[in-house]
Amino acid sequence: IVGGCISKPHSWPWQISLRTRSRIHFCGGTLIDAQWVLTAAHCLERSDSPSAYKVLLGIHTEKANEPSKQERDVVKIIKGPASTDIALLKLDRPALINDKVSPACLPEKDYIVPSNTECYVTGWGETQGSGGEGYLKETGFPVIENKVCNRPSFLNGRVKDHEMCAGNIEGGTDSCQGDSGGPLVCYAQNTFVLQGVTSWGLGCANAMKPGVYTRVSKFVDWIERSMKQN
Amino acid sequence: QRTDVLEAYVKTDGAWIIKLPKSQYTVKTVEECAVKCDKEVSFTCRSFLYIEKDQDCVTLPANSKTDQILRRMSATLYEKKVYLLECVNGIGKDYRGTKSRSKSGKMCQRWEGTFPHLPNITPKTHPKADLESNFCRNPDEDKGGPWCYTTDPEKRWEHCNIQDCTEECMQCSGENYRGKISTSMSGFTCQRWDSQQPHNHGYIPSALPDKYLEENYCRNPDGEPKPWCFTNNPTKRWEFCTIPRCTTEPPTIVPELTCASGEGSSYRGTISVTVSGKTCQAWASQSPQKHSRTSENYPCKGLDGNYCRNPDNERSPWCYTTDPETRWEYCSVPSCGDTPGPEEPVIPEGEECYEGDGSSYRGAMSETISGKKCQFWTSMEPHRHSKTPLNFPKADLRRNLCRNPDGDRAPWCYTTDPSVRWEYCNLERCDNIPNTQESQTNPSQTATQATPVESAPSKIDCKVGNGADYRGATSTTLMGITCQAWSSMTPHQHASFTPETHPDKGLESNQCRNPDNDVNGPWCYTTDRSKKWDYCQIPDCESLKCGQPATKPKRCFGR
């Protein structure tokens, strides 16, 4: 996360760290059910084998030495529809849900986040020297409607309907490498709803180049069908 | 028909005007109050106040154009649309707008004034013509429309050239266009803003109340060069609309040349250096910084030369810099004395709550109790008000953050919803926030215990109490060992708990159950020879509310 600030420990209890077998953090993810994590498909390019991955929950630092840490193996990978950057991971056994580990809510099917809504992205990714390395960081910014985001001076038509933009038009704060797969949550009626999966951007925190997130509401049917069938 | 009478009025909750003369009535309905206003004889009734609780009805000659609006709970202001119009119908005999400059730009003389011209038409000679202040009027039904005596000794009077109401036109980039054109420039019918067919989009009318996204009319809610709309053609997501530019010049602002008040949107001075001393880039130039703040896109914002300006509601005048390493910076334009001091750290480490009446609250909440976004304290849109940083220097009236500058009972703010003037904020008092753990267990939002698998795959699998009624899908023990099917006798023989002996205990397949009401919760026989049975790990529904963290996040906004 470039800019933003270090989060209060465990204040985003659905945030997970996706790690290699040797426990190196390389992507984020979101707990959406005791035994299921949502992440980005491009995070799983290094291997198709579930055993290549580990999931850490209930942690605040990248060192992950907190007593609240829970570690799970991945037993199943379910990638989203073709050319979409979303995937489901099934854990070997349910996470213990408590005040440091609990799921984010899924949005309604096809819900479109209103332009200018305040949303938050979190992760242990690249900070570009903006401080907080090694700690879970957060930053908040408004959603930018695809119409504006696809302007020539912005991302020039690259953003699809099943994606959404969020960020500061004048740059300075954004998600970045290592945050991929993590959650973009938006706040409404005292509840955080998972609206985006951190996916891609043109650099990080550049002006008029907001971050692009997979629009979760377009995949609610796929998510529920996949969990039910598996 | 009675509700039609309200059609002629614009409603604003939480608003109040103190003005004499007035008439007071007791009525049963708001429609009755509207009828009282329509039939008022002692003055021209331009608005009325209705207090539902007390069934009070107060008719008034004033409205938000002529008088200051105050805050009041459970009161609603209804203003007659005809007296809010800034355009003329026909020759403008009933024009009651507030334009006060003649067509050549001369300031109008006050109607009861006698200098520089001794008028023969005065409020006394024409009591019904509402010859107020120095506003343009047409008391003698002049064919040329509203006029006024001018303050120029050489020019006794002059017409005011006010826009015709029926003329569909726009000013500047059409951000305030409220017309009814609903076809795009190549003839497509516009899609309704409250519809997601054929195009999904994020311009939700209820989320952007101050953009007037009505029906399928062309609008400009996002700073485009002119109004546009989503089209009903599936292959054409959106398109600009062709809307003629008004012949009358745009609303004049009082240019500030030496200092900037509020956010500095009216600053038109010549400072062109940033706070760190960098030279500003010309607005017409795209180098070294490529940008969209051009005078074509923002025709009425004075984007000339390389002068510091504030075209887009930033907190003060700024400019792109000629330093390739620094995209943009605020400028050192002196404030006219009405903005709070330098930005202090806004979010105190503690919880987001307020002490006492909230006058000391300095947190970052900017949302009202009903979820509306707060209006900037320095802005007069959509609600004109007097709670500005200049009038309340000690109240920290920063950006659009919730504050309590006037000793109310809790932090509040003006809302961006034109029909709701103000509301209390989405904050709790610190002393009545129960222990954070409990505060999360709002029974109404507790995840319900997982019902049988087929019907509730998305329900989060959890148990209530000792899980005697648990029918979820978990089929592994605490140690991760797979459960043995209840009907199976291998690897463990057992006769006590089978589907036959306990038909009503849901002993399906190998899923964890609690047929013997074990106090520690669901269990199962295991497939591990060395371990006959073990408990399963099923979370308590009580703690399983999605999206509500036990520890409230900071929510630091990335600005």
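To find a chain, count down the sequence lines: A is the first, B the second, and so on, and within it residues start at 1. From a predicted model like this one, the values you see are computed outputs, not experimental measurements.
At least one side-chain heavy atom of K554(B) sits less than 4.5 Å from a side-chain heavy atom of C5(A). The closest side-chain heavy-atom distance from K100(A) to T551(B) is not below 4.5 Å. The closest side-chain heavy-atom distance from L106(A) to C546(B) is not below 4.5 Å. In this structure the side chain of M208(A) never reaches within 4.5 angstrom of the side chain of Q289(B), judged on heavy atoms. Between W14(A) and P549(B), the closest side-chain pair of non-hydrogen atoms falls below 4.5 Å. Side chains of H201(B) and I112(A) form no contact here, defined as non-hydrogen atoms less than 4.5 Å apart.
Ion pairing between K147(A) and E239(B) fails under the 4.0 Å rule for side-chain N and carboxylate O. The pair E118(A)-K373(B) does not meet the salt-bridge criterion, since no charged nitrogen lies less than 4.0 angstrom from a carboxylate oxygen.
In this structure, no portion of P152(A) lies under 4.5 Å from any heavy atom of chain B. In this structure, the portion of V113(A) lying under 4.5 Å from any heavy atom of chain B is its backbone and not its side chain. For R151(A), the part lying under 4.5 angstrom from a heavy atom of chain B is the side chain only. For H199(B), no part lies under 4.5 angstrom from a heavy atom of chain A. With a threshold of 4.5 angstrom between heavy atoms, K218(A) approaches chain B through side-chain atoms but not through N, CA, C or O. Neither the backbone nor the side chain of R215(A) comes within contact range of chain B; no heavy atom of the residue lies under 4.5 Å from a heavy atom of that chain.
The CZ atom of R93(A) lies 13.0 Å from the SG atom of C536(B); values are rounded to the nearest 0.5 Å. Here the CG-OG distance, from N200(B) to S217(A), works out to 7.5 Å after rounding to the nearest 0.5 Å. Distance check: Q286(B) CD to S153(A) OG gives 8.5 Å after rounding to the nearest 0.5 Å. Interatomic distance, CD1 of I144(A) versus CG of D222(B), reported as 11.0 Å (0.5 Å rounding). Atoms CG and CH2, on N150(A) and W238(B) in that order, are 10.5 Å from each other to the nearest 0.5 Å. Remark: Y187(A) OH to N426(B) CG distance equals 6.0 Å, nearest 0.5 Å.
When all heavy atoms of C105(A) and G547(B) are compared, the pair lying nearest together is SG-N, 3.5 Å. Between A550(B) and D99(A), the shortest heavy-atom distance links the atoms CB-CB, 3.6 Å. Contact between C556(B) and Y120(A) at its shortest, heavy atoms only, is O-CE2, 4.1 Å.
Atom CD of Q177(A) has 12 or fewer heavy atoms from other residues, nucleotides or ligands within 6.0 Å. Residue Y135(A) qualifies as open at atom OH: its count of foreign heavy atoms under 6.0 Å is 12 or below.
Looking at E145(A), its side chain does come within 3.5 Å of a backbone N or O of G202(B) through a donor-acceptor pair. With hydrogens and angles disregarded, no donor-acceptor distance shorter than 3.5 Å links the side chain of K552(B) to the backbone of S11(A).
Of the listed residues D161(A), V193(A), N116(A), the one with more heavy-atom pairs under 4.5 angstrom with chain B than any other is N116(A). For the set W12(A), F192(A), W36(A), the count of heavy-atom pairs under 4.5 angstrom toward chain B peaks at F192(A).
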